[in-house]
Each structure stands twice: as C-alpha cells, then as structure tokens.
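The next block holds one structure in the form of structure tokens; read it before the comments.
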Number of protein chains: 4
Amino acid sequence: MADSPKIIINFKTYSESSGEKAKQLAIHAEEVHDLSGVDIAIAPQAVDLKAIRDVVNIPVYAQHIDPISPGNSTGLYLPEALMEAGINGTLINHSEKPLKLAAIDEIIEITKKYDLTSILCSNNIRTSAACAALNPDFIAIEPPALIASGYAVSQCEPEIVSNTIAAVHEINDSIPVLCGAGITNGDDVKAALDLGAEGVLLASGVVKAEDSKAVLEDLVSKI
Amino acid sequence: MADSPKIIINFKTYSESSGEKAKQLAIHAEEVHDLSGVDIAIAPQAVDLKAIRDVVNIPVYAQHIDPISPGNSTGLYLPEALMEAGINGTLINHSEKPLKLAAIDEIIEITKKYDLTSILCSNNIRTSAACAALNPDFIAIEPPALIASGYAVSQCEPEIVSNTIAAVHEINDSIPVLCGAGITNGDDVKAALDLGAEGVLLASGVVKAEDSKAVLEDLVSKI
Amino acid sequence: MADSPKIIINFKTYSESSGEKAKQLAIHAEEVHDLSGVDIAIAPQAVDLKAIRDVVNIPVYAQHIDPISPGNSTGLYLPEALMEAGINGTLINHSEKPLKLAAIDEIIEITKKYDLTSILCSNNIRTSAACAALNPDFIAIEPPALIASGYAVSQCEPEIVSNTIAAVHEINDSIPVLCGAGITNGDDVKAALDLGAEGVLLASGVVKAEDSKAVLEDLVSKI
Amino acid sequence: MADSPKIIINFKTYSESSGEKAKQLAIHAEEVHDLSGVDIAIAPQAVDLKAIRDVVNIPVYAQHIDPISPGNSTGLYLPEALMEAGINGTLINHSEKPLKLAAIDEIIEITKKYDLTSILCSNNIRTSAACAALNPDFIAIEPPALIASGYAVSQCEPEIVSNTIAAVHEINDSIPVLCGAGITNGDDVKAALDLGAEGVLLASGVVKAEDSKAVLEDLVSKI
C-alpha cells in the first residue's frame, strides 16, 4: 500500500540538507506533519537515509535506486540495501538524474516487487503520459526551467499542471499527479491542489529557507 | 596525509556486505587489523557508511564520489556529505563505475582539496600510466576479466602487475600501486607484494566467503 | 505522411552492411521491393546514408538521431545533416542505443517537425505502452534476448507480440506495431502479421545471410 | 605515418558545415592548403565524410569513432566503415563528446591498429598529461570555457598552452601539442606556434565566418 504524500521534500545535495542538518530538517518535517496532519515525505541523500530513518516516522524516500540485484555493482544504489536502511519508496527519473526508458521500467518493477512507493518524475506533458503507461504510484511533473526559479509551476504555468493531469488520467485515471518546480509557499500548494494535483514536490523552497520549519508550516496551511 | 592500506575490501553491492552484514564485516576487518597490525581499509556502500564509521576505526572509503559541489544534484554522491559520514577516501573509476577522463581529474582535485585518500582504479597497463599522470594517492590495477574469477591477477597474470608498476613509476615513482582481481588468499597477496605492489584490492574473495574473518586472517598471514 | 514499411532492415554495424556492401544490400532490398511490391525500408550507418540514398528509391532511415539543433555538438548526429543526406525517418531507442525518456520525446518532436517517419523501438510490453503515449509513427518491439538469436519472436514468443499490440492499442489504436528479434524467413514474417503486427524489423537474418537477396525474397513471399 | 596538420577545422554540427556547405568548406580548406603549403585537416560530420573525401585530398578526420568491432552496435560509429569512407584519422574525447578513460584507450589502440592519425583532445593541463601517457599522435588542449568565446587561448591564456606543452613533454616529448578554443585569426595561430604548439584546432572561427576562405587565408598567413 503506497503512501499518500501531499508534500515531498527532495533534499537533493544541498549543504543545508546534508548530515546533521538533514536530520534536523527531517525532524522539522515530522513536527509539521504531526501538528497539521498533512502527509509529508522526505527524500534525503543515500548516505543520510539510515540516520534520518532512526529519528523520524514519516515516509523516507531514496532520491534514486539503480535497477540492479545484489552483486558486483561498485558505486551503484542497491535497492535492497536502501530498503534495509528504511526507505519507503523512491524518486525515479528526476530531471537531475534522468534515466533511460528501459531503466525506468526496471526500477518500477523493483518498487512493485518490494512494495515501495514509486514517485516517477517527468519533465513535460508528453513524457508524463508515457510515465502513466508505466503505472507508478505517483507521477511528479517538474518543468526543468522552473526548478529553483522562484516561479511556482502551479501559479505561473497552471496549464502545464492541468494538462499533465488530463494526459495522465487519459492513460490511467487512478494515478495521482504531483507537481513541482518553484513551489515555495502555501499559496503555491493551494494552487496546485485547486488544479487537481494531489500534492507537491519541492526542494530549495524549504531546504534553503532561513526558517525551513516556518516554510513547512506555511506550505501545509492551506491544504 | 593519505592512509597506507595493504588490503582494501570493496564491499560492492553484495547482500553479504549490505546493512547489518556490512557492519559485521567491517568489524571483522578491524579485528584482523588489530591482531595483525596490517592496514586494512574498507569501501562500503554509501547508505551504510555512517553506521560502519560509528563502529570501526580503520579507514573507510566511498566506492565513488561525484565531481559536484553542494547544490541541486538529485541522486548523486556529494563529497561533503560522505565526508560528514566519515569517509577517509574514495575509490575512483572502478571498472563497474567507469568515468570520463575529465570527471576523474575533477574528483582527484576534490580529494586533494579535502585531504581524502584517492584510490584510482585502472583496467590495464596503459590506462594505469595515464592515471599516474593524474597524481592520485594510489593506483589500483584490476583487469576486468579476472574480477571475481577466482584467478588471482598476481599469480595468473604477474606481468600485468609488474608492468603496471613499471609504467606507473616511469611517470611518477612515488605512487604506490595496488592490484586486484581474483585475489582470495594470503599466497595471492604475497605474490602481489613480491611483484612490487603495495597491497591488494579485493571484494568477492572476502565478502562472499563462508567465513570472511578466516579469509581476512589468511590474507594478512604472509605480509 | 509516414512511410508504411512492412520490412525494415537495420544494417547495424556489420561488415556485411558497411560501405560498398551496404550499397549492394540496399540495391537488393530495392529489387525485392520492385518485384514484390512489398514496402521495404533500410537503416544504414550514417556514414553510408548519402551514397545509398543516391542509388535507391526505397525509404532510408537513420539508426539514430540526436536531439540537437545545428551548433557545437562534435560527434553527434545532427538531424538536419542526415535529412540533407536523404533520410526519410529514423529508428529511435534501439536496445543497442537506449535513450533517456526525455531524449526520446525530444527526438519524436524533431521527427514531427520535419515530417520524418519515427520508428520507436521498445524492449517489452510495458515500455511499448509508454512509447505509445509518445505518439510515434511506428512502435517496434524487440525483446533484447532474442536479437540475433535465431529464435523468431513471432513464433517463439507470440504472446509478446500480441500483448504488445494490445497494450499499444489500448493507449492509441492508430499506432502500427512492428516486431523484431530472431526474424529470418517468410514464415516468421507471416506469423508476425497473423498476430496483428504491421511488419517486421530485422538485421542479422538478412545482413549476415550468405545470399541476402534470397532471404529478402523469402521474407516477402508470404505477405 | 601520421599526418602533420598545422590547422584542424572541426566542422562540428553547424548548418554552415553540413552537407553541400560542408563540401564547399572542405574545398576552401584544400585551396588554401594548395596555395600556402600549410597542412590543413578537416573533421566533418560522419554523414558528410564520403562526399567530402571524394572532392578533396587533404586529411579528413572523423569527429569521433566508437571503440567497437563490426557487429551489432546500432547507431554507433564503426571505425572500419568510416575508414572505408576515407578518413585519415579521428578526433577523440572532444569536450562536446567526452569519453571514459577506458574508451579513450581502446580508441587509440584502434587508431594504431589501422594507422589512423589520433587527435586526442584534453580540457586542462592535468588531463593533457594523462593523455600523453596514452601515446596519441597529437594532443589538442581546448579549455572548454574559451570554446566559441572569441577569446583565443593562445593570446588570452598563453600559460595554459605553454604549461600543457611542458606537462605533455615531461611524459613524452615526442607528442606534438595543438591548442584550440577561441582561435579566429593568423595572430592567434602565430601566438600558438610561438608558445610551442604545433598547430591549432578551431571550429566556429572558420565555420561561422562570413567569408570562411578569407579567414583560412588569414589563419595560415603568419605560419
């Protein structure tokens, strides 16, 4: 049974979301979840997964897993090892880690085998439809040009969000769509939900905020 | 000041060297180091680094780091985050994670900046010479065909080892050379040292052994 | 208006389909087309495209184009340059040249802009459905394990072909499906058509045949 | 026996150096060679190689070859096929087509086997030294930041050129060094030669010039 995140915080590889700071950010996310009841999931770096898992009970996702079985794959991300560290799911095909179509398919099969929540990222309406055919738990549309731009996709390019949802649901209307890129506040989240998105994916808006907990509180305030 | 490992255990992505088992294997490596005085280093998966660092005092290496600075690099290995988890160095360009020449150079610069031990892997004599020009702390020659073969490079292809050492030292005679591929016992290690190698790099020979501690004890027995 | 190939010969990078031999093979394909009336298309190496275009009138496809515009992309395949050499279309995402999802999408957009026939290759039923959502002119399913195996997908794994067609048509029933891998004779072609495929994609069965023209004649004999 | 180009024109994938225009540019290069006696080589796109080879007698290089043997490598550049089209050599590892270290080594071995001139590109002083250890016919240093910048490496960053030559020659003093990036006129070429470079590699300076023949004449004017 997949999670139902309304907000996914992608920790990426920022200093502010590495190591001890990552742990602190994870705790903030859990606190805001506990207070608001809004489902928040986090995607820290692999190296920080276990320490974060040990301190929070919200869903923790990998930023990427490799489509490999245990064996000799030096330097790759073994799904089973990340599961032992406690992941509940994984981002797949983020625009900063774009994957071959065949690899995306293999990774989704792995997530199904292990009952991991799959968040398949897409970069436009057409590829979102293709992603829908692969049947992930969630599709997260993020126009690359708006990532970390400060311009929220849900407010500045609302038709991308609504047209993506339409395109995805024409293929499979049971797949919830998240949207991301430029999301920084509660109004952006509300706009996304009003367009039919199930939630949002964001990174710098929270991670690089001076007061990330305040941003998290604002993000959930209009849900 | 770089470490001086005689034996590096690459944990790769085997089940036997993931999670709790990785921690146990690391402890065995430390125990054998403590008893024998032989420098043993280990290279676990990123997800296991911190938990292993917390329980052993021998050098712990990453299997790979990406040539990136903190920022938006979803799914990549941030050097600073791995350092916070406690790595002392990193493997670079393992044949299972082969890198572009420009990336190898960038990674070595990062290791120098942060005083991390760099173990630059090479696949043949010619590329070992090229590696020497990049001035890493160690060069580890591993003919891919012999990896996990059961045929020790130091015994079955001794001229690869000695010719690699000669080629490396012609470029820079202060770079120690390790050799790997097929190493499983103390005789293989002794043969490597006799050929002029400073030590060995191995994986399955230890990781997949029924009694990995016994193998480790044998590996150091003739040094 | 896209071509309607029943048989596509992928020349790959065999000696038997390079240079002068490629030209000869192209002429054979045209002769068999002229005699049989069956639409045959060929996909030679880029370096041979122009010389082949100069001697045959059947559709000539690139094996790959890069999603780039004219500019500074040393070593890549510029669509406009291949068009000037006379291509009518291109293979996309062959299992020997697998592409990132975003790149596949970009390439299909280029083929639409320039009215090139797009043959989007897929490796299994699931990815075929994803390909359908990208709306290429053709989808060509080729299970990698059967490529060059001598076991025709249409005879040995018929359910892969029929299930792929069903999966593609559930997304978009106007996209014709080709099948490939292991096809070597007219019976294999007939089996493919009987399963609902519009045609076949093959390589070694023709290219490496002692008498490639005879094979081509056999291939069209039961259509 | 390798060629001795003083000037290599990399045609890249510009419109101005594709198809018929590529042929015209090649003819200009030959004319300027014939008049001046200066060795000029050209590196057109693969698709244009044969048509250009048919009209000029100056050295023609590939922009890239793949380290493959004849076989099933859809979409790759087969060395033997490019040789049949008439190449005399190849660029390797251009910063727009960066390669893994092991692939560079394999390609150089192919060039040696077939007596092709190898122009190994490097991006800085350190990687140039590594390239020297691989023993190509030429090393061409091109700082990526200056490519197509209008700032000639030989005039704006002369110490990169001279330090590269020193670093290369410390490894192997028989390898001639070319330099590139930002070269547009005869003064840039002269500056390069004065620094000890054997010649220059350039692209946009000639390809995108309004009168490319005049630029070529100027380029050779001070050699």
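Letters go in sequence order (proteins before strands), and every chain restarts at 1. Every heavy atom of this structure was used, including side-chain atoms; hydrogens, water molecules and symmetry mates were not.
Counting heavy atoms from C-beta on, the side chains of C:Phe11 and C:Gln45 never come closer than 4.5 Å.
Top candidate by heavy-atom pairs under 4.5 Å with chain C, chosen from D:Leu78, D:Ile147, D:Thr74, is D:Thr74. For the options D:Pro70, D:Gly71, D:Ser73, D:Ser204, heavy-atom pairs under 4.5 Å to chain C are most numerous at D:Gly71. Among D:Val207, D:Ile68, D:Leu91, D:Asn72, the residue with the largest count of heavy-atom pairs under 4.5 Å with chain C is D:Asn72. Here D:His94 is the residue among D:Lys208, D:Lys50, D:His94 with the most heavy-atom pairs under 4.5 Å with chain C. Counting heavy-atom pairs closer than 4.5 Å to chain C, the top-ranked of the candidates D:Glu80, D:Lys12, D:Glu96 is D:Glu96.
With a 4.5 angstrom heavy-atom cutoff, C:Leu76 touches chain D via backbone and side-chain atoms both. The part of C:Ala51 that comes within reach of chain D is its side chain, from C-beta onward, which places non-hydrogen atoms under 4.5 angstrom from that chain. Contacts between C:Glu84 and chain D at a heavy-atom distance below 4.5 Å involve the side chain alone, from C-beta outward. With a 4.5 angstrom heavy-atom cutoff, C:Asn10 touches chain D only via side-chain atoms. C:Ile65 does not touch chain D: none of its heavy atoms, backbone or side chain, sits under 4.5 Å away.
Classification of D:Lys21 and D:Glu16 as a salt-bridged pair fails, no side-chain N sitting under 4.0 Å from a carboxylate O. A salt bridge between D:Glu20 and D:Lys23 is present, with a side-chain N of the basic residue lying under 4.0 Å from a carboxylate O of the acidic one.
Under 3.5 Å, the side chains of D:Asp3 and D:Thr117 contain a donor-acceptor pair of N or O atoms. D:Thr127 and D:Ser122 are not linked by any side-chain donor-acceptor pair at a separation below 3.5 angstrom, with hydrogens and angles left out of the test.
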request  = I would like to know whether D:Ile7 and D:Val220 meet side-chain contact (heavy atoms from CB on, under 4.5 Å); could you show each step before the answer?
outcome  = CA-CA 8 Å; D:Ile7 295 177; D:Val220 302; 3.6 Å; yes
inquiry  = Using side chain to side chain donor-acceptor pair (under 3.5 Å), reason through C:Gln63 and C:Tyr77 one step at a time and then give a plain yes or no.
reply    = CA-CA 10 Å; C:Gln63 292 179 12; C:Tyr77 294 101; over 6 Å; no
